[in-house]
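Just so you know, these numbers use all the heavy atoms, side chains as well, and skip hydrogens, waters and symmetry mates. Chain A is the first sequence line, chain B the second, and so forth, proteins listed ahead of strands; every chain is numbered from 1. This one's a predicted model, so the numbers in the text were calculated from it and none came from an experiment.
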Amino acid sequence: MSLFARYREAVGRDRLEVEVPDGATVEQVWAALSAAHPVLARYRPHTLFAIGNEYVPAERPVRAGEELACFPPVSGGRADVPRHR
Amino acid sequence: MSLFARYREAVGRDRLEVEVPDGATVEQVWAALSAAHPVLARYRPHTLFAIGNEYVPAERPVRAGEELACFPPVSGGRADVPRHR
Amino acid sequence: MYRVTAEPLSADALADAVTVPEAGGVVVFLGVVRDNNAGRRVVALEYEAHAPMAEAKMKEIGDAVHRRWPAVKQVMMAHRVGRLAIGEASVIVAVSAAHRHDAFEACHFAIDRLKETVPIWKREIFEDGAVWVGLQGEAPPAE
Amino acid sequence: MYRVTAEPLSADALADAVTVPEAGGVVVFLGVVRDNNAGRRVVALEYEAHAPMAEAKMKEIGDAVHRRWPAVKQVMMAHRVGRLAIGEASVIVAVSAAHRHDAFEACHFAIDRLKETVPIWKREIFEDGAVWVGLQGEAPPAE
């Protein structure tokens with residue numbers, strides 16, 4: 001996974017690996033990450049996810065070899081609605 | 001008077017004097033000018049007039065010592081309506 | 001700053017000049033010389049101004065902007081005169097505001113008004129002649 | 001050109017880059033660092049980006065602009081990262097079009113979309129601390 005902004009700062013690294021079963025969704029990868037780094041749990045309601053250069057929804061399965069990025073709402077956007085497409 | 005753009009080119013000078021009676025209006029000054037320079041007469045329907053830094057209407061009297069400028073519609077404006085204010 | 005000048009115009013210079021610590025957004029409009037008008041190939045443009053009146057009219061537009069958009073911080077306009085090559089900027093309007101929406105609206109308003117009311121004229125230079133732009137510019141020669 | 005860079009941004013460079021012979025109007029938006037946010041004094045900003053994704057998202061916005069405004073000629077966007085002083089430009093969007101109305105609309109649309117969808121974050125540096133901007137940025141430290 002790659003982490004940006006406050007997420008990177010909270011964990012102290014910009015990249016890490018988490019172990020998840022085959023077919024795990026983005027949400028399940030996040031759960032594994034925040035179990036290892038409980039400091040992140042509070043940020044979940046507004047977390048955005050991306051794979052490659054695309055935003056992805058939390059229910060999308062993550063395939064082997066894909067790197068999931070997670071980060072907060074972007075700087076200029078309204079922060080009241082999580083976005084993905 | 002001062003002349004700009006096509007008016008200056010048509011007359012071949014950017015400044016000239018015309019004799020008018022006391023109390024003559026802008027329109028009467030124009031009439032004296034275009035009598036002396038008939039090449040200008042065709043431009044009258046869209047001619048703009050200014051005294052100092054202000055547009056003036058054709059019926060305004062020109063006072064002694066005032067310099068009247070005349071010129072075509074400005075470059076970016078719609079050319080279909082003469083303007084003054 | 002409202003200026004008629006024969007010197008080349010710089011977007012950065014005007015953007016810097018309107019940038020004040022409390023402004024977050026700057027919108028700059030540049031009018032640039034196009035290579036054609038109604039399909040005819042233009043090689044250069046010449047601009048002529050009634051300079052003192054043009055600067056006074058630009059200031060009036062700036063004052064009107066400040067009245068209509070109180071959140072606008074600074075407005076600057078510069079218009080070039082003389083001969084310009086294709087792609088050169090003939091006019092730059094720069095507006096700063098606390099929020100970008102006001103800066104966009106105010107800059108758009110200012111350039112529209114400038115084009116309508118500021119006494120500046122242009123002559124298009126073709127390979128085989130030249131013509132004043134506008135209603136009278138297209139008239140055939142007078143004699 | 002859609003770029004994330006640590007180098008200072010130039011309005012003239014982007015305006016020149018979008019100026020093509022058939023474009024008559026160029027609109028440039030500059031986002032500049034303000035000296036305060038909600039009344040608190042800011043001394044600098046730090047921007048961080050997911051750079052490859054940010055450039056891809058900027059290109060998507062440019063593509064959307066061309067679809068929606070066929071008269072737009074060129075779109076360019078550059079966003080700076082790293083530490084910026086008050087008054088420096090963090091982002092520049094430049095749009096050229098045959099006529100200025102399209103350039104204004106398209107530039108406004110592009111910066112609005114950029115601020116909503118491009119993965120870039122900012123941290124405000126105060127005299128006595130720093131905070132990530134946005135919903136989560138205002139949360140107290142997590143432990």
Side-chain angles (χ1 to χ4, degrees), chain A residues 1-16 26 29-31 33-58 60 62-63 65-85, chain D residues 2 4 29 31-34 37-38 42 45-61 63-64 77 79-81 84 90-91 93 108-125 129-143:
Chain A
M1 304 192 63
S2 54
L3 303 173
F4 292 91
R6 174 167 280 277
Y7 295 51
R8 173 184 54 72
E9 268 195 355
V11 171
R13 304 170 56 180
D14 62 4
R15 185 165 247 158
L16 51 80
V26 166
V29 176
W30 169 267
L33 173 70
S34 61
H37 300 276
V39 61
L40 293 176
R42 63 197 336 238
Y43 299 139
R44 176 63 191 94
H46 302 283
T47 300
L48 298 178
F49 300 104
I51 292 176
N53 292 334
E54 293 300 327
Y55 288 101
V56 292
R60 179 186 181 291
V62 181
R63 286 179 277 273
E66 285 182 336
E67 179 165 313
L68 178 68
C70 62
F71 46 74
V74 303
S75 74
R78 282 168 312 231
D80 54 347
V81 186
R83 284 170 305 274
H84 45 65
R85 12 176 226 180
Chain D
Y2 305 99
V4 172
F29 173 82
V32 294
V33 177
R34 280 197 286 177
N37 186 10
V42 174
L45 279 188
E46 278 177 13
Y47 284 87
E48 176 177 336
H50 182 332
M53 182 173 169
E55 292 179 350
K57 290 289 154 197
M58 289 193 280
K59 180 174 187 310
E60 282 179 19
I61 295 167
D63 293 344
M77 303 180 206
H79 204 298
R80 198 163 157 205
V81 289
L84 277 71
S90 57
V91 58
V93 176
H108 198 164
F109 168 87
I111 183 62
D112 284 353
R113 284 291 282 272
L114 186 154
K115 296 244 178 187
E116 284 169 9
T117 67
V118 174
I120 297 177
W121 307 275
K122 69 180 171 192
R123 206 161 73 120
E124 292 179 337
I125 317 293
V131 66
W132 288 99
V133 175
L135 186 63
Q136 299 170 355
E138 301 298 338
E143 40 263 294

| query | Of the non-hydrogen atoms in A:Val74 and D:Glu116, which two are nearest, and what is the gap between them? | reply | CG2-O, 3.2 Å
| said: So which atom in D:Pro52 and which in A:Asn53 form the shortest heavy-atom distance, rounded to 0.1 Å? | reply: C-OD1, 3.5 Å
| message | Using side-chain heavy atoms (C-beta onward) and a distance below 4.5 Å, is A:Pro72 in contact with D:Trp121? | response | yes
| query | So do A:Phe71 and D:Met53 actually touch side chain to side chain, heavy atoms under 4.5 Å? | reply | yes
| request: Please round to the nearest 0.5 Å and tell me the distance separating atom CD1 of D:Ile120 and atom CZ of A:Phe4. | output: 11.0 Å
| Between atom CG of A:Asp14 and atom CD of D:Glu48, what is the distance when rounded to the nearest 0.5 Å? | 8.0 Å
| Toward chain D, the part of A:Ala69 with a non-hydrogen atom under 4.5 Å | side chain
| Non-hydrogen atoms of chain A under 4.5 Å away: do they reach the side chain of D:Ala54, the backbone, both or neither? | neither
| Can you name the residues that form a ring-ring contact (aromatic ring centres under 6.0 Å, His included) with D:His108, not counting sequence neighbours? | C:His101, C:Phe104
| query | What residues, two or more places apart in sequence or in another chain, satisfy ring-ring contact (aromatic ring centres under 6.0 Å, His included) together with D:Tyr2? | reply | none
